[in-house]
There are 4 protein chains.
Amino acid sequence: MTAPALEDPPLADLPAPKRERGRQRVAAIMDAAVEVFSEKGYDAATMTEIAARSSTAIGSLYRFFPSKEALADALLQRYAQHVSASLAELEAQVQRMSMEALAGALVDFMLALQSQRRFAVALVDARGGSDERRRRFRASARGGIARILQRAIDGLAPAKAHAMSVVLLHLLKGIAVAADETPAIQAVLTGEIRELVRLYLLAARREARG
Amino acid sequence: MTAPALEDPPLADLPAPKRERGRQRVAAIMDAAVEVFSEKGYDAATMTEIAARSSTAIGSLYRFFPSKEALADALLQRYAQHVSASLAELEAQVQRMSMEALAGALVDFMLALQSQRRFAVALVDARGGSDERRRRFRASARGGIARILQRAIDGLAPAKAHAMSVVLLHLLKGIAVAADETPAIQAVLTGEIRELVRLYLLAARREARG
Amino acid sequence: MTAPALEDPPLADLPAPKRERGRQRVAAIMDAAVEVFSEKGYDAATMTEIAARSSTAIGSLYRFFPSKEALADALLQRYAQHVSASLAELEAQVQRMSMEALAGALVDFMLALQSQRRFAVALVDARGGSDERRRRFRASARGGIARILQRAIDGLAPAKAHAMSVVLLHLLKGIAVAADETPAIQAVLTGEIRELVRLYLLAARREARG
Amino acid sequence: MTAPALEDPPLADLPAPKRERGRQRVAAIMDAAVEVFSEKGYDAATMTEIAARSSTAIGSLYRFFPSKEALADALLQRYAQHVSASLAELEAQVQRMSMEALAGALVDFMLALQSQRRFAVALVDARGGSDERRRRFRASARGGIARILQRAIDGLAPAKAHAMSVVLLHLLKGIAVAADETPAIQAVLTGEIRELVRLYLLAARREARG
DNA sequence: AATGAATGAGGCTTCATTCAT
DNA sequence: AATGAATGAAGCCTCATTCAT
């Protein structure tokens, strides 16, 4: 039972670059966009800079992404697929993982996302892209976590799993926040969070076994 | 020993409105600003809209707050004082509170901030106002929580208290996130977080007693 | 034969402050205005700053001078009277002054104006006050010089005197320009100009004697 | 040995329009800017009006000149090159010109600049553009005149040449002032100035031969 | 199809002037 | 009469987006 895809017909109306050239271009633009959105935030990022950083003419950029919001949405979508895939993978392995191991795995999952963290903050938590897309992103991530929890903890009520997924996701996001601190502090904070996740999972299992 | 004030001469140097009229105006502006910043985020919020929402001429707005950043900073400062005072109050009462009670108190503290939550996200977590003021705000809040923890848990190492304060603050912020959900879900999430806070505090005490 | 007054009914419509208080206030405003116009130029000068520098409420300033232009005009008028008076005085003494002495006197006349030079540049040469007032100011100054010339040089044709007055005034203004240089250079330039004025006067006399 | 160029890479760093179209646009903008700066002075001139007069969208104007000051500087630079070139040309011809001829040539040089006179007043003498550029402009013009004088007058001390250049330049500027008068008067004034320049040159030669 | 010049709405801010107190 | 708060037009500049080449 894998994660249900997040996807819509992938930006169907965009000229779906068949040529390899086009695909590279789109990738370059998206990478530059992640950079710029991360550094400046959605509002302060400019299409011109994204074009420049990806060595793309502004006109070409608009050929692939018809608006700033469309670009942000595409980014969000790509990120969602990435997250979705990661969670699906984790779900496949979780079967009888100890709570301890699961806590570690969840933290690792978040650490692996680090590179895109500023970007995620810029677009998911702030106002980039459409509300709709943001909502869907969140729902998908929560669903992924909830499924993992239900696999990991026998007898966990679906409602409880969902509630926990919201709290866990939020808690894990703290790892991203920690990235602003010095590496030493960062390590400490990451440890704290892992421990807290563990406590949470254990308590949930206790309750589920009730 | 109460929390050290965050304050500079409150809103220093701004031509502190002498007439009563002016004070109302300032309050109206700040309230409108909280609304607009909350809805749109710092960058997308416009001074024009803030002026309109508070029925203030743009020129008047600038009389009181000489720049968008100054306005954001003033808001942040007011919020910081509020938070600081709340934490100081909590600190005074924490003496031999049970971990359970403390968890509840911390959650309540956050719930009491609800009304300003989107605003806090918009200005503290995003890129609004001066970095400096944001940094100070965070340091103050963390310090307040850390002091509470040390009072509440005998033998808690200062470093541990500080690390916990960061994690706790983040966790509590989840209550704000919950505000986007339906009241029913919100209640559930708030409960989850309270429970998690309790688990965290208990574990910390266990460890402190070693 | 003294200089014809430049004056209009001195700002007739202004509430002609009868009280001593008012006169002082007006003087303070005008002095502050000279300062500010000098430092910033007409456009960049602000009524608010002029009010502040003269410790006058902005509302009061507007009571005495109904607009920025009116203030500039009043300044120009006062300056014109000053210049007019100086020239009239010089005219009275010029009778049989040597050309050399006259050259010196003219240069001294300009040096005496130094303190108001930046102001004059700001308002006379640039666009402060009304065109009309500027025109009148120039005409008056030229007339004053022309009369002096005719007294100093027997047989000087009126047309020639007028032409010379234009050139002389312009030349003398060079002394003001020199004020931007170091004192040493300033002295040299002043000397050059004095010498040139002398040459000019001598040549004119030669020609007048034909 | 010709005048050292004033130039930086002409209008460096401005996105030097490649297409022919762009070049025309830039020229139109600069011409309109000269007009507007001349009529209104630096401060009172508005970018909006300059755009309108050159039938340019405001955004386009800013594409070529990223700020009002940059535009003024570019104008000043163009003017400086023009002046520099004229003076270099004059320098090349001055070798054994009579003082009379030189006086005429200098006056002609100034007359040739007429078309840009108000502009020069607006930007060089007033507070437009960067101080630095103004300073450089003046230094260059003075240097150009000083070199001409030294070529024209054997044995002229460099210090004296420099002092004279300042005075001469100022005197010649009087020709521009004359442009406000009727053509008849203008002619008379131009004549006066030419004569005065001649007197000045002759006196200097006398002194140099001493 | 690719390019980058052109467009203009709209943002922040200033300041002359008015008007309620 | 004196004060200074209030007003809003207008200035500079940015940037998402369009369009001619």
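Here is how names work: the chains are called A, B, and so on, in the same order as the sequence lines, proteins then strands, and each is numbered from 1. Not measured: the values here are computed from a predicted model.
- Atoms CD1 (D:I29) and C1' (E:dA5) sit 12 Å apart, rounded to a whole Å.
- Regarding C:I58, its CD1 atom lies at a distance of 8 Å from the C1' atom of E:dT17, rounded to whole Å.
- A salt bridge links A:D31 to A:R78: one of the charged nitrogens lies within less than 4.0 Å of a carboxylate oxygen.
- E:dA5 is paired with F:dT18 under the criterion used here, namely a Watson-Crick or G-U wobble arrangement in which both key atom distances are under 3.5 Å.
- Taking atom CG of A:D43 as the reference point, atom P of F:dC15 lies 11 Å away to the nearest angstrom.
- With DNA chain E read from its 5' end, the first of the two nearest nucleotides for B:T48 and A:T56 is the one closest to A:T56.
- Distances were taken from every side-chain heavy atom of C:R63 (C-beta onward) to each of E:dA2, E:dT18, F:dA2; the shortest belongs to F:dA2.
- The side chain of D:Y62 lies closest to F:dT14, out of F:dT14, F:dT17, E:dC12.
- Nucleotides of DNA chain F nearest to A:G59 and B:L61 differ in position, and the one nearer the 5' end is that of B:L61.
- Separating the CD atom of B:Q24 from the C1' atom of F:dA6 is a distance of 15 Å, rounded to the nearest angstrom.
- Here the nucleotide nearest the side chain of B:M47, chosen from F:dT17, F:dC13, E:dC12, is E:dC12.
- Across all strands shown, E:dG10 forms a Watson-Crick or G-U wobble pair, both distances under 3.5 Å, with F:dC13.
- Following rounding to the nearest Å, A:I50 (CD1) and F:dT17 (C1') show an atom-to-atom distance of 14 Å.
- A:A33 approaches A:L71 most closely through the heavy-atom pair CB-CD2, 3.9 Å.
- Residues A:D131 and A:R138 are not paired through a salt bridge, judged by the lack of any N-O separation under 4.0 Å between the basic side chain and the carboxylate.
- When each of A:E69 and B:S55 is assigned the nucleotide of DNA chain F bearing its nearest heavy atom, the one mapping closer to the 5' terminus is B:S55.
- Spacing between atom CG of B:L71 and atom P of E:dT13 amounts to 10 Å, rounded to whole angstrom units.
- When distances run from any side-chain atom of B:F64 to the nucleotides F:dA6, E:dT3, E:dA16, the shortest one goes to F:dA6.
- Heavy atoms of C:A45 sit under 4.0 angstrom from primed sugar atoms or phosphate atoms, though from no base atom.
- At least one side-chain nitrogen or oxygen of A:S60 sits closer than 4.0 Å to the OP1 or OP2 atom of E:dT3.
- B:R25 has a side-chain polar atom (N or O) that falls below the 4.0 Å cut-off from OP1 or OP2 of F:dT7.
- Regarding B:E49, its CD atom lies at a distance of 9 Å from the P atom of E:dG11, rounded to whole Å.
- Atom P of nucleotide E:dA6 and atom CZ of D:R23 are separated by 12 Å, given to the nearest angstrom.
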(request) Using the side-chain contact (heavy atoms from CB on, under 4.5 Å) rule, take A:D73 and A:F65 through it: C-alpha gap first, then chi angles, then the decisive distance, then the call. (result) CA-CA 10 Å; A:D73 277 352; A:F65 302 96; over 6 Å; no
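- Closest approach of C:L76 to C:F119, counting heavy atoms only: N-CZ, 4.3 Å.
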